[in-house]
Chemist: 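If you scroll down you'll find the structure; I have some questions about it.
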Amino acid sequence: MSETSSASPTGQPHENGQPGGGPEVYDFGTIQAKWLPVWQRMDPFRADRLAGDDPVAEPDPRERRYLLDMFPYPSGDLHMGHGEAYAFGDLVARYWFQKGYNVLHPIGWDAFGLPAENAAIRRNAHPAEWTYANIDTQAESFKRYGVSFDWSRRLQTCDPAYYRWTQWLFLRFYERGLAYRKASLVNWCPKDQTVLANEQVIAGNCERCGSAVTKRELTQWYFKITDYAQRLLDDMTLLEGSWPERVLTMQRNWIGRSEGAYVDFRIEGRDQPVTVFTTRPDTLFGATFFVVAADAKLAAEICTPEQREAFDTYLEQVKRETEIERLAADRPKTGVFLGVHAINPVNGERIPVYAADYVLADYGTGAIMAVPAQDQRDWDFAKAYDLPIVRTVQPPADFDGEAYVGEGPGINSANAEVSLNGLDVAEAKSRIIAWLDKKGLGKGAITFRLRDWLISRQRFWGCPIPIVHCAACGEVPVADEQLPVELPDLRGSDLAPQGTSPLAAAGEWVNVECPKCGGPARRDSDTMDTFVDSSWYYLRYCSPHYTEGPFDPEAVRRWMPVRQYVGGVEHAILHLLYSRFFVKVLHDMGAVDFTEPFSALLNQGQVINEGAAMSKTLGNGVDLGEQLATYGVDAIRLTMVFAGPPEDDIDWADLSPAGSLRFVQRAWRLAGDVTSEPGVDVAAGDVALRKVTHRTIKTFTEHVEAFKFNVGIARLMELTSAIRKAIDSGCGPADPAVREAVEALAVMLSVVTPYTAEDMWERLGHEPTVALAGWPAYDEGLAAAESVTAVVQIAGKLRDKFDVSPDVSEDELRDLALASQKVQAALGGREIRKLIVRAPKLVNIVPG
RNA sequence: GCGAGAGUGGCGGAAUGGCAGACGCGCCGGACUUAGGAUCCGGUGCCUUCGGGCGUGAGGGUUCGACUCCCUUCUCUCGCACCA
């Protein structure tokens, strides 16, 4: 990046500039080059800065606050999205520093992952080379961007010193039965040649490369997140109000709790009954056929020889379909009769059993009772295969749809022992569940959409799974003292996708003695999903150099939970759900004493350009480095933060970094105009300006607290204009109120535009760093308005306004309003029917 | 289809139920200038017969008073999507 003044629209000398703080040329390149090394020397953003060598024995006395930015993936240099996210996070962190909190604001890298492996194959190199080179680039960019990180806590998930503990945590999960292997149909990305978690399949495509995902039967490692489904759901009440509602909604939908019942159906010719799950047990009398997922084992098992050929043909057809085709809306229902019948347990009816692809093998039990009258999918299937339809819920008279899913009294629903007729849906449900339970035919049940988390990946650049497979002993965990199981030195073509992990081909690495029996054994050759690495990094930050465990329990107790988490909404279910799961497991292990990792979450919007996400194909990318070179760090940070509410997307084409640069220049020049000395008695200053200053401190603080940064900055702009006026045509540059105002402005600006603020601070005669100068206090008396504008409406329309004291009485205000010439004119002698007085702001007169 | 959110000037956006459009961009005018893509000052919702009238996607409602609350409707964005 070339930060030369020739490339930048920097200001020229301000002719009327007053002496006081050096030349009147604002050049961001010079200012950045001046302060960056000073800050690096000072290292002002260390957590526990005021603590002794042992922060537990001699603690930093200040209240602790943990601000966490989602750590970056080192895919190249920082981009515009990083610029925005870290500007918001840094604003909050710097505000906390100024307020005097002991702030933990760490940084690290989510450094395992596929892109490094692909780059290594292309360059015939080791993934670590590409990864660490990018990390160094990003670290330098972060420093130049002026982010208030505690660099002493930097971590990389690909460091053996980190992933040692990822493996250690895996073993603890394993001991608790929360990490297990099973064979099942899994999502397979044919391009990346690896399996994917359900969470990584987006609308049937690979989250990373976009390829259509297919299915494969494989034995893979899972984390038993389903054990925690209910708690993950319940604990969201703790996050209500401090997490974005849409993230909570997405997680609720993802967990997908369903209340209903399991019901057993006898299948003719089969000993064991088949259980189905239904949310509508009240409609059981309307079950007129039975459907098994075509790709479930049960379908093949119960199919009669007569139907075998038709079934095999159908199954082949289903398997050929991609996820995309499966998911297409309004696709006609297909299926095949399996030649057998099931018995409806409530009425003894023989109902035909079909295999179909609209029933999913991995949801519920992979089989359903079909109630066409009350379910549109079953209705469609019944119509296509000419199956009977029996209504068991009475639709309203005006109902003219097909399947009726609404409320209504039960009909056609009775046997010798139980009747649901006339009951509403809720009553009917509990009545039939009680009956099923009594007869041993079923029971009330809750199911979840959430599946166990598949963590195996057939990739090299990830955390090895610390398990050895022995023919005699089976799965044998690697002993804790043997950790980390380090990656071997594979590079280039060794890493090319072959459908199995590249590690499987590394003979020396993979062939080991069984830790238990000493016989020949093989290491597990898969690596863990990188989301495992990122599920606990925020804990590691609390004690990044700890060697006795993944984290020092005392450090975690002191810092956690994260007071404010900042990051993109793209992690709404993946990372955030997994991290919540991890903390609950750690809580159950007694390792932490809280149950939620992130008390508050801010999802910043995306930076887009010309109405679309930046992409190479659209050619609309905006390069952060170029923007910084043209406008400077402060102008770009200000532009990001001033653009609008943080959670909204911002379109770079709509914004004006040049305008932001103008503003920081205006503010900066004020510091050069101040002629009074530091420490001057501000109480003697111009009261009018002091009022503006104190009101601005008050409102800016409130806006920062409320994350309304754009509005807060508007107030700083107003303050800047007021100071300019005071200097040029008011109390003049020597008035103490001017110093008070500019000093407050510099400190407030330091949370957004740190370089400009630092330089202003020096020009005002202070030592660095402004970042720790302390948040300005405001005087309530000065901040309070001494007069407010009262408005007079007639029938809701504005007719007059005048200034009144904030504590004017209702009677006084009414009299003032009625005395107004304009009001009397507008009233035109009409009688007053009603008079509303809301002192001190408003009088509304309703004429007769 | 289900769920969540949003519709305000030319643009980004402000407004505890009480002055709609703060602040900024852009634009117009002025000052200073050899010059202005610098800086400073002023103006800028629409219409107007200069009295005022009309304005927050559309239509209703509650209220003395609605951008704000309620109902209906349209549009857009996001998420989920054959979940039984």
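Chain naming here is simple, since letters A, B, ... match the order of the sequence lines and numbering starts at 1 in each.
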Chemist: Less than 4.0 angstrom from a charged side-chain N to a carboxylate O is my criterion; do A/Glu810 and A/Arg814 meet it?
Modeler: no
Chemist: Describe the nucleic acid contact of A/Lys801 in one word from base, sugar-phosphate, nothing, applying a heavy-atom distance below 4.0 Å.
Modeler: base
Chemist: A/Asp654 has an atom CG; how far is it from atom P of B/rG12, in whole Å?
Modeler: 6 Å
Chemist: Find the partner of B/rC2: check Watson-Crick (N1-N3 plus N6-O4 or O6-N4) and G-U wobble (N1-O2, O6-N3) distances, both under 3.5 Å, and reply none if neither fits.
Modeler: B/rG79
Chemist: Is the shortest side-chain N/O distance from A/Lys708 to OP1 or OP2 of B/rA15 below 4.0 Å?
Modeler: yes
Chemist: Quickly work out the A/Phe663 CZ to B/rU39 C1' distance and round it to whole Å.
Modeler: 16 Å
Chemist: Please confirm whether the shortest side-chain N or O distance from A/Arg246 to OP1 or OP2 of B/rC80 is below 4.0 Å.
Modeler: no
Chemist: Taking any strand in view, what nucleotide pairs with B/rU62 in a Watson-Crick or G-U wobble way, both distances under 3.5 Å?
Modeler: none
Chemist: Please state whether the phosphate of B/rG26, meaning OP1 or OP2, lies under 4.0 angstrom from any side-chain nitrogen or oxygen of A/Arg662.
Modeler: yes
Chemist: Roughly how many Å is it from OH in A/Tyr26 to P in B/rU39, rounded to a whole number?
Modeler: 13 Å
Chemist: Expressed in angstrom and rounded to an integer, what is the separation of A/Leu798 atom CG from B/rG52 atom P?
Modeler: 11 Å
Chemist: NZ of A/Lys834 versus P of B/rC64: gap in Å, rounded?
Modeler: 4 Å
Chemist: Over how many whole Å does the gap from A/Leu661 atom CG to B/rU39 atom C1' extend?
Modeler: 13 Å
Chemist: Taking atom P of B/rC40 as reference, at what distance in whole Å does atom CG of A/Asp673 sit?
Modeler: 11 Å
Chemist: Which residues pass the salt bridge (charged side-chain N to carboxylate O under 4.0 Å, His left out) test with A/Arg662, not counting sequence neighbours?
Modeler: none
Chemist: For the pair made of CD1 in A/Ile650 and P in B/rG24, what is the distance, rounded to whole Å?
Modeler: 19 Å
Chemist: Tell me what A/Arg257 touches on the nucleic acid: a base, only sugar-phosphate, or nothing, going by heavy atoms under 4.0 Å.
Modeler: nothing
Chemist: What contact category does A/Asn710 fall into here, base, sugar-phosphate, or nothing, at under 4.0 angstrom with non-hydrogen atoms?
Modeler: sugar-phosphate
Chemist: Tell me which nucleotide, if any, is Watson-Crick or G-U wobble paired with B/rG26 when both distances must be under 3.5 Å.
Modeler: B/rU44
Chemist: What nucleic acid atoms does A/Arg666 come within less than 4.0 Å of, heavy atoms only: base, sugar-phosphate, or nothing?
Modeler: sugar-phosphate
Chemist: Tell me which nucleotide, if any, is Watson-Crick or G-U wobble paired with B/rU39 when both distances must be under 3.5 Å.
Modeler: B/rA31
Chemist: Under the 6.0 Å and 45° cation-pi test, does A/Lys333 pair with A/Tyr358?
Modeler: yes
Chemist: Looking across every strand, which nucleic acid part, if any, lies under 4.0 Å from A/Gln793 by heavy atom: base, sugar-phosphate, or nothing?
Modeler: base
Chemist: Please determine whether any donor N or O and acceptor N or O are separated by less than 3.5 Å between the side chain of A/Arg280 and the base of B/rA84.
Modeler: no
